[in-house]
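Taking it in order: structure first as structure tokens, then the write-up.
Each chain gets a letter, A, B and so on, in the order the sequences are listed, and its residues count up from 1.
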Protein chains: 2
Amino acid sequence: MSSINLKRLSEELGLSISSVSKALRDSYEISAETKKRVLAMAEKLNYQPNPFASSLRRKKSITIAVVIPEIANNFFALAIDGIQLVAQQKGYHVLTYLTHESFKNEESTIKHLQGGRVDGVLISLCRDTENIKHLSSLHETGIPLVFFDRIPENMECPTVTTDDYESGFNATEHLIKAGCKKIACLSLSSFLSITHKRMEGYVDALKKHKLKVDPKLMIECTNNNATNLELIKKLLTRKDRPDGIFATVEKLAISTYYVCNDIKLKIPQQLKIISFSNLRTASLLAPSLSTITQPAFEIGKESASLLFRMIEKKTFGNRIDRIVLKSSLIERNSSK
Amino acid sequence: MSSINLKRLSEELGLSISSVSKALRDSYEISAETKKRVLAMAEKLNYQPNPFASSLRRKKSITIAVVIPEIANNFFALAIDGIQLVAQQKGYHVLTYLTHESFKNEESTIKHLQGGRVDGVLISLCRDTENIKHLSSLHETGIPLVFFDRIPENMECPTVTTDDYESGFNATEHLIKAGCKKIACLSLSSFLSITHKRMEGYVDALKKHKLKVDPKLMIECTNNNATNLELIKKLLTRKDRPDGIFATVEKLAISTYYVCNDIKLKIPQQLKIISFSNLRTASLLAPSLSTITQPAFEIGKESASLLFRMIEKKTFGNRIDRIVLKSSLIERNSSK
DNA sequence: ATTCTTTACGAAAACGTTTTCACAGTTTTT
DNA sequence: AAAAACTGTGAAAACGTTTTCGTAAAGAAT
């Protein structure tokens, strides 16, 4: 508990606390010579300013919060990577919160953040989030807030997303062109914006090609992996089973692979698959997985950049940015 | 910027600031009735205590820092998951820092943390960390510090690791029993504790089975993926190429898969592979990858638990815990 | 009736910064 | 020579808590 502070420094230097503080912040009020002395002493004593005193006084935390459903997820891991990159450049600290897809967690996390612990918040909603009161409440405190990927649909707010509708459409059309007649769509939760957009694209592609839109082929999965495996197995073992699967999230494609291994269903001969995914090993799978790959790292970068723009010049904060990045469809063997 | 604080609350209630503060902290000095009034008003006005004022006064941040090389990495993502779980239970906040395997980053991050921003630090060293002055310096400030997985080898400090030597030994012996005569070892950096331990096991297994220990088969890779691909390609295309690969980290096994695809080398017929890995898709690869799987989530949990034990009762802090968890070897087709 | 406890509260100091303001001393302008 | 401007510094307030200490009022014990 060495705790060397401005007082100690000032005594050591024979200066006042305020002069030392100013010198360290490179104020014009302090002579060059004094600054040099102060800096040298600070270095020598390994002075580190107390961040709480500083934040309290300046009403700035130099910290942002990132609230995401899970971290053991390629998409979010990459997004965080992008966020951290920008934050580090700006000299900001990053607090990470995992909701684990639980609305309760999301709500209490957001509530805590209203205390002023952070200067801005980046968030991707959890699968259960229907009610957004907690978010409008946070918004009203005036703290900058940017949503990415999973956004609220009935709220005026800055967002960073991908072209989910088009991707859903293209993915489905890709399966149709590969010969699929009966395409199932696996999704996470009907509350999620990404589910809506991607499924809209799916439905419209089916319509365009005069294929039946069958609610029985639109499977809403759960947050439990075992349950999902069962749901998918049931889907793939019924007599009118689909010949194509469009998975709106990576983990459901992986589950499908496991089920196919289990019930000896051949991909792509008997079932073609395409999925949203950021798997680095997509091309090494048996068979290699066709993907819609989101620019996750860029999403993180863009979100953070947007957030910092809002933090830095609140004056121009009236306009609401909605950034949309493009995903890319990568054909591989699972849909051949 | 509503910023409703104790002063505001106290005025609203006709009480003193101190009484309100005490009521909120459920002090015995305050009557039950008053507490109820205060709580109700705090709820009504949506009061959130200023964390900086609180931290400044109490000299507690209720925050820990996690310093890791990268996040887009299954092992670290899972470890963070475990850390967050424990932190959340304890009501702590988690600051995450990525060093991106750069010593400079690690050093400056650690230096910043000396200001008292956090109550404890969890860290896994970056590949370039040879000098540990910054760490002893942090340690000397008295702030609890726990290393996990990649630990300093010449420092007395609490650590959470896996049985790296045994795992390296077993992995190598596994390849030998599968018929390999010439086994290469791919590692990240000769500074890393995990490299040393895993390679010691590798070398001892070779010795036990009277195989030649050949430095030319011990490849130290870089932090650049393209370079690694070249190194591996060179290794696998020379005329006395190895018939087995032991990868000490996941990404090098993946690179090896790519190279084998590239140069049409058949796994496992021409080359058998086993690797440390937390890939969820290991069994879905072509061919499925034999792995040594570390209990990454548990490592995170154990590390955080240990850290909190140190934070909570500094009195007993003289003893130095070194927790070692077991990894499991999972045979799959890449080493058949 | 007096002392002593107990209960419930308030005043004020402290945490370590940042920032406003005041003020000597020096230099420049009139 | 007086006034004005500039330089470099220090005193003190402020940020919003927490905590120590003091104390008035009420009850209990002598």
Side-chain angles (χ1 to χ4, degrees), chain A residues 1-39 41-42 45-63 93 112-119 141, chain B residues 1-39 41-42 45-63 93 112-119 141:
Chain A
M1 270 357 99
S2 62
S3 170
I4 121 137
N5 53 20
L6 282 186
K7 186 166 172 224
R8 174 76 197 290
L9 261 189
S10 66
E11 284 165 358
E12 214 75 33
L13 286 157
L15 284 169
S16 73
I17 291 179
S18 50
S19 295
V20 176
S21 172
K22 287 175 196 166
L24 289 172
R25 309 204 118 252
D26 201 26
S27 160
Y28 69 98
E29 292 179 283
I30 304 295
S31 72
E33 203 184 349
T34 306
K35 279 181 192 168
K36 220 163 64 183
R37 275 182 60 220
V38 173
L39 259 338
M41 183 62 78
L45 298 187
N46 192 22
Y47 167 75
Q48 292 292 336
N50 181 308
F52 304 116
S54 183
S55 287
L56 176 60
R57 180 57 228 245
R58 308 184 69 194
K59 295 184 172 273
K60 275 260 168 197
S61 65
I62 5 175
T63 305
H93 301 259
H112 274 298
L113 292 177
Q114 297 197 28
R117 187 178 292 274
V118 294
D119 298 340
T141 68
Chain B
M1 266 3 93
S2 61
S3 171
I4 122 134
N5 53 20
L6 281 186
K7 186 165 172 225
R8 174 77 196 289
L9 260 188
S10 67
E11 283 165 357
E12 213 74 35
L13 287 157
L15 285 168
S16 73
I17 292 179
S18 49
S19 295
V20 176
S21 173
K22 288 175 195 164
L24 290 171
R25 309 204 119 252
D26 201 26
S27 159
Y28 68 97
E29 290 181 283
I30 305 295
S31 72
E33 202 185 349
T34 306
K35 278 182 193 169
K36 220 163 63 182
R37 274 183 60 221
V38 172
L39 259 337
M41 183 62 78
L45 299 186
N46 193 22
Y47 167 74
Q48 292 291 337
N50 182 307
F52 304 115
S54 182
S55 287
L56 175 59
R57 179 58 228 244
R58 308 183 69 194
K59 294 181 172 271
K60 275 258 169 200
S61 64
I62 6 175
T63 306
H93 301 260
H112 274 298
L113 292 177
Q114 297 197 29
R117 187 176 293 273
V118 294
D119 298 340
T141 67

Within this structure, what is the [atom1]-[atom2] distance for the pair [X] and [Y], rounded to the nearest 0.5 Å?
X         : Y        : atom1 : atom2 : value
Ser27(B)  : Lys35(B) : OG    : NZ    : 6.5 Å
Leu113(A) : Thr63(A) : CG    : OG1   : 11.0 Å
Ser55(B)  : Ile62(B) : OG    : CD1   : 5.5 Å
Leu6(B)   : Ser16(B) : CG    : OG    : 10.0 Å

Between atom [atom1] in [X] and atom [atom2] in [N], what is the gap in whole Å?
X        : N       : atom1 : atom2 : value
Lys59(B) : dT19(D) : NZ    : P     : 13 Å
Lys36(A) : dG8(D)  : NZ    : C1'   : 17 Å
Lys22(A) : dT7(D)  : NZ    : P     : 15 Å

Checklist entry - Taking for each residue the nucleotide of DNA chain C bearing the nearest heavy atom, is the 5' side occupied by Gly14(B) or by Leu56(A)? => result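 It is Gly14(B) whose nearest nucleotide is closer to the 5' end.
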Have a look at [X] and say if it touches a base, only the backbone sugar-phosphate, or nothing, with a 4.0 Å heavy-atom cut-off.
X        : result
Ile30(B) : sugar-phosphate
Thr34(B) : sugar-phosphate
Tyr28(B) : nothing
Pro49(A) : sugar-phosphate
Ser54(B) : sugar-phosphate

Item to check | Step-by-step side-chain contact (heavy atoms from CB on, under 4.5 Å) determination, Leu24(A) to Leu9(A) | outcome: CA-CA 11 Å; Leu24(A) 289 172; Leu9(A) 261 189; 4.2 Å; yes
Checklist entry - Using a heavy-atom cut-off of 4.0 Å to chain A, what are the terminal contacting nucleotides of DNA chain C, in 5' to 3' order? => result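 Nucleotide range with atoms under 4.0 Å of chain A: dG16(C) to dC21(C).
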Checklist entry - Of Glu29(A) and Ile17(B), whose closest DNA chain D nucleotide lies nearer the 5' terminus? => result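 Its nearest nucleotide being more 5', the pick is Glu29(A).
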Checklist entry - Can Asn50(B) and Leu56(A) be said to form a side-chain contact (heavy atoms from CB on, under 4.5 Å), step by step? => result CA-CA 8 Å; Asn50(B) 182 307; Leu56(A) 176 60; 4.1 Å; yes
Next on the checklist: Keeping Arg117(B) on the side-chain end and His112(B) on the backbone end, is there a donor-acceptor pair under 3.5 Å?
Outcome noted: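 Side chain of Arg117(B) to backbone of His112(B): no pair is present.
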Item to check | Presence of Ser31(A) side-chain N/O under 4.0 Å of dT7(D) phosphate oxygens OP1/OP2 | outcome: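 The answer is no; no side-chain N or O of Ser31(A) sits under 4.0 Å from OP1 or OP2.
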